[in-house]
*Asks:* 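Below you'll find the structure I mean.
None of these values were measured; they are calculated from a predicted model. The sequence lines fix the lettering, A, B, ..., with proteins before strands; numbering per chain opens at 1.
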4 protein chains.
Amino acid sequence: MKSAERRAQVLAIAAAVFAEKGYHAAKVDDIVQRARIARGTFYLYFEDKHALFGELIDGLLGRLRTAIRRIDVAAPEPVIEQLRANVRRVVALLFEERALTKIMVSDAVGLDPGFDDKLLSFYGQVRSVLEGSLSEGQRLGLVQPCSPQLAATAVIGSVKEIVYQSIFGRLQVGVEEVVDSLFACYGQSLLR
Amino acid sequence: MKSAERRAQVLAIAAAVFAEKGYHAAKVDDIVQRARIARGTFYLYFEDKHALFGELIDGLLGRLRTAIRRIDVAAPEPVIEQLRANVRRVVALLFEERALTKIMVSDAVGLDPGFDDKLLSFYGQVRSVLEGSLSEGQRLGLVQPCSPQLAATAVIGSVKEIVYQSIFGRLQVGVEEVVDSLFACYGQSLLR
Amino acid sequence: MKSAERRAQVLAIAAAVFAEKGYHAAKVDDIVQRARIARGTFYLYFEDKHALFGELIDGLLGRLRTAIRRIDVAAPEPVIEQLRANVRRVVALLFEERALTKIMVSDAVGLDPGFDDKLLSFYGQVRSVLEGSLSEGQRLGLVQPCSPQLAATAVIGSVKEIVYQSIFGRLQVGVEEVVDSLFACYGQSLLR
Amino acid sequence: MKSAERRAQVLAIAAAVFAEKGYHAAKVDDIVQRARIARGTFYLYFEDKHALFGELIDGLLGRLRTAIRRIDVAAPEPVIEQLRANVRRVVALLFEERALTKIMVSDAVGLDPGFDDKLLSFYGQVRSVLEGSLSEGQRLGLVQPCSPQLAATAVIGSVKEIVYQSIFGRLQVGVEEVVDSLFACYGQSLLR
DNA sequence: TATGAATGAGCTTTCATTCAT
DNA sequence: AATGAATGAAAGCTCATTCAT
């Protein structure tokens, strides 16, 4: 148990270091020094730097997957509320895990074909959920006729950019504000 | 003049190599070998690898800035058409310059505080243009009441994600399709 | 303790390599190959080639400073004997440390403003000691009237040249012979 | 003739650059830029950087050799005055050619076995002249009994050090002062 | 389980020299 | 004679990883 804790601690420290310096600038030394472990110990816990990074990304993607629940049109809760809850959970998680979010959007992209696949596959899954909901919504006459694929992609992009700007840029917003704004934008039409 | 051509050629080859392998995995050797120049010649044309990369990014950002024109509400052309033309030019440029686009979204982010600033500043400018148009639109009753800042960010994110997915992912779309879809999404309301 | 020994060993080997090839011609590779360590190990022990060289020079200058003791006119031992002991210790040290002496006179000069300062400052200190003794000697009527500054410089030069010639050149002399000759030259005029 | 002038000019500029930066830090580029010639032109005039440097050193050594004249005991001018004239000419030349002097004492030493031989052979010649004079002086009872070889070396070292200190260090002296001081130091003991 | 000294492949960059014009 | 773009060998240094203790 002690070992698992230590591992988790190193993982958290590594996330912070990666977020601070970026994957390449973050040296294994930086991590072990901050974690107060020996260099060799690092390799006792992790295959290598790359694998540790992968674990961080996988962890975040897993938690994001958990946060996103398939919309159930038959459920008592209205579809739009289910969607809103999904978005809220995702945004809340990303805002909570700033370090992991940062490395996901700025370091994992283009680092490696493997990571690109991982991310693309994740975004594909999310898009598939959204596309399903939108198609269903169109079938029920709740959603405007348009390409569900592109619309889903656009929504994902909106969330990513708002999160990205609030982490890197000067955008100062809270979770509720983001969710409300997204639904204000998409919910009634930006341009009438 | 021959020299300028050679320089441009190396620049183009470097863009391709960076797009293929990523900034860090792309070695100066890869570039010079493909360009069929000696390693020393590379440093005759460019300060170093970093500076060459910066030139590529600056070039694309410059062309993007040129593609984005401030919306003129007093012009005879409808505001929405001006907006559409902006989006079309941007998307067309990004689709045309796939290699540069790829390195901008996947390598320039988090590479360096300098590059992050560069990108953030660019996105800030674009957002400012969009925000202005949205605010003006709201004043004229053409745009739904919502945070212009977040809405603008959302729109930028939509464009980025669609472009990103069509370059990295499996999204197979053309320029017109993207523009139409964006306006279908935002133009009449995604959810009724 | 093992590590300190290894470090000292590398230092000694480096001194020999520098003496043999000169600072610039001596490659880090030459040193590590002779020391039978990996290239990376070198940088574990020393900041870089320059710093290692600096350490060698500092070490010799330090030992030379220790060898030179301020003349005490009030001491029971005659001033001239104190002076002779100083010269003997210096010459003996330089003869003993041929490699270090060689790099000090042939590589450290003009290598770097920092090294020039270091050497100049050392020679300045030695000259100051000698000047003091000469001035005191003149006050006591033991030394011929002449510029103590130039005389001190001349004496230093004599020692340097004799050592230099006996290391580089064909001058085959021993410590005692050098000391005796110096005092034979200077002993009846400079010192009355 | 134009070409010879140009060559001489490049030579002079190179001397200045070498004196300023040292042999290794002085790049061929620095020289050609200051001389306002193309890089290729440099190699039209000189074999290479090393040969140019050699020419500078050879030139100074040649002029020094000219300045040093063999003492003629049979001449009407007293031996001591002949010696003094020699020293005066040498010191005057070195003070006049500070750049060349600097590179001779700080760059040529230990640069190359070839240069070391060159310098050693020069100093050997000078020493031989001095030794001859001192031996002759001893035979005539004009000079104290001591090792002519070591005495000659000491005198050479004195001159070198004074010149070195007045170029690199803070020693501010004129030619006459140097000559006078040297003869004050050596003049009453070495020379009876 | 933990350590940290040792490793060495591999990188970017420099610069004296060449050679087609 | 003059040019300067091109060359490429060679150097210093880094850092992820290994392994003897």
*Asks:* Compare the minimum distances between each of dT7(F), dA10(F), dT3(F) and the side chain of I37(D), then state the nucleotide with the smallest one.
*Replies:* dT3(F)

*Asks:* Take the protein atom CD of Q9(C) and the nucleotide atom P of dA6(E), then report the distance between them rounded to whole Å.
*Replies:* 11 Å

*Asks:* State whether Y43(C) places a side-chain N or O below 4.0 Å from either non-bridging phosphate oxygen (OP1 or OP2) of dC13(F).
*Replies:* yes

*Asks:* H50(B) has an atom NE2; how far is it from atom C1' of dT13(E), in whole Å?
*Replies:* 15 Å

*Asks:* R39(B) CZ to dT14(E) P: how many Å, rounded?
*Replies:* 13 Å

*Asks:* What is the separation between atom CZ on F46(D) and atom P on dT18(E), rounded to the nearest whole Å?
*Replies:* 16 Å

*Asks:* Rounded to the nearest angstrom, tell me the gap between atom CG in D29(C) and atom P in dA9(F).
*Replies:* 17 Å

*Asks:* Nearest-nucleotide wise, let me know which of R36(C) and Y23(D) is further upstream toward the 5' end of DNA chain E.
*Replies:* R36(C)

*Asks:* Give the minimum heavy-atom separation between A19(A) and I103(A), together with the two atoms involved.
*Replies:* N-CG2, 3.4 Å

*Asks:* Using whole Å, what does the distance between atom P of nucleotide dT17(F) and atom CZ of F42(A) come to?
*Replies:* 8 Å

*Asks:* Check for me whether K49(D) meets the cation-pi criterion with Y23(D), that is, NZ or CZ under 6.0 Å from the six-membered ring centre and within 45 degrees of the ring axis.
*Replies:* yes

*Asks:* Between L52(D) (CG) and dT17(E) (P), how many Å, whole number?
*Replies:* 11 Å

*Asks:* Using Watson-Crick or G-U wobble geometry with both distances under 3.5 Å, which nucleotide pairs with dC15(E)?
*Replies:* dG8(F)

*Asks:* In terms of the nearest nucleotide of DNA chain E, which residue is placed more toward the 5' end: T41(A) or K49(B)?
*Replies:* T41(A)

*Asks:* Q33(A) has an atom CD; how far is it from atom C1' of dG4(E), in whole Å?
*Replies:* 12 Å

*Asks:* Between F115(B) and V109(B), is there a side-chain heavy-atom distance shorter than 4.5 Å?
*Replies:* no

*Asks:* Among dT3(E), dT18(F), dT13(E), find the nucleotide with the atom closest to the side chain of L44(A).
*Replies:* dT3(E)

*Asks:* For H24(A) and for V28(C), locate the closest nucleotide of DNA chain F by heavy-atom distance; then report the residue assigned to the nucleotide nearer the 5' terminus.
*Replies:* V28(C)

*Asks:* Could K118(C) and D58(C) be called an ion pair, given the rule that one side-chain N must be under 4.0 Å from one carboxylate O?
*Replies:* yes

*Asks:* For a quick check of understanding: with a heavy-atom distance under 4.0 Å over all strands, which category does D48(C) fall into, base, sugar-phosphate or nothing?
*Replies:* sugar-phosphate

*Asks:* Could you tell me whether K102(D) and E97(D) have a side-chain N and a carboxylate O separated by less than 4.0 Å?
*Replies:* no

*Asks:* Need to verify one output field. Residue with the more 5' nearest nucleotide on DNA chain F, G40(C) or Y45(B)?
*Replies:* Y45(B)

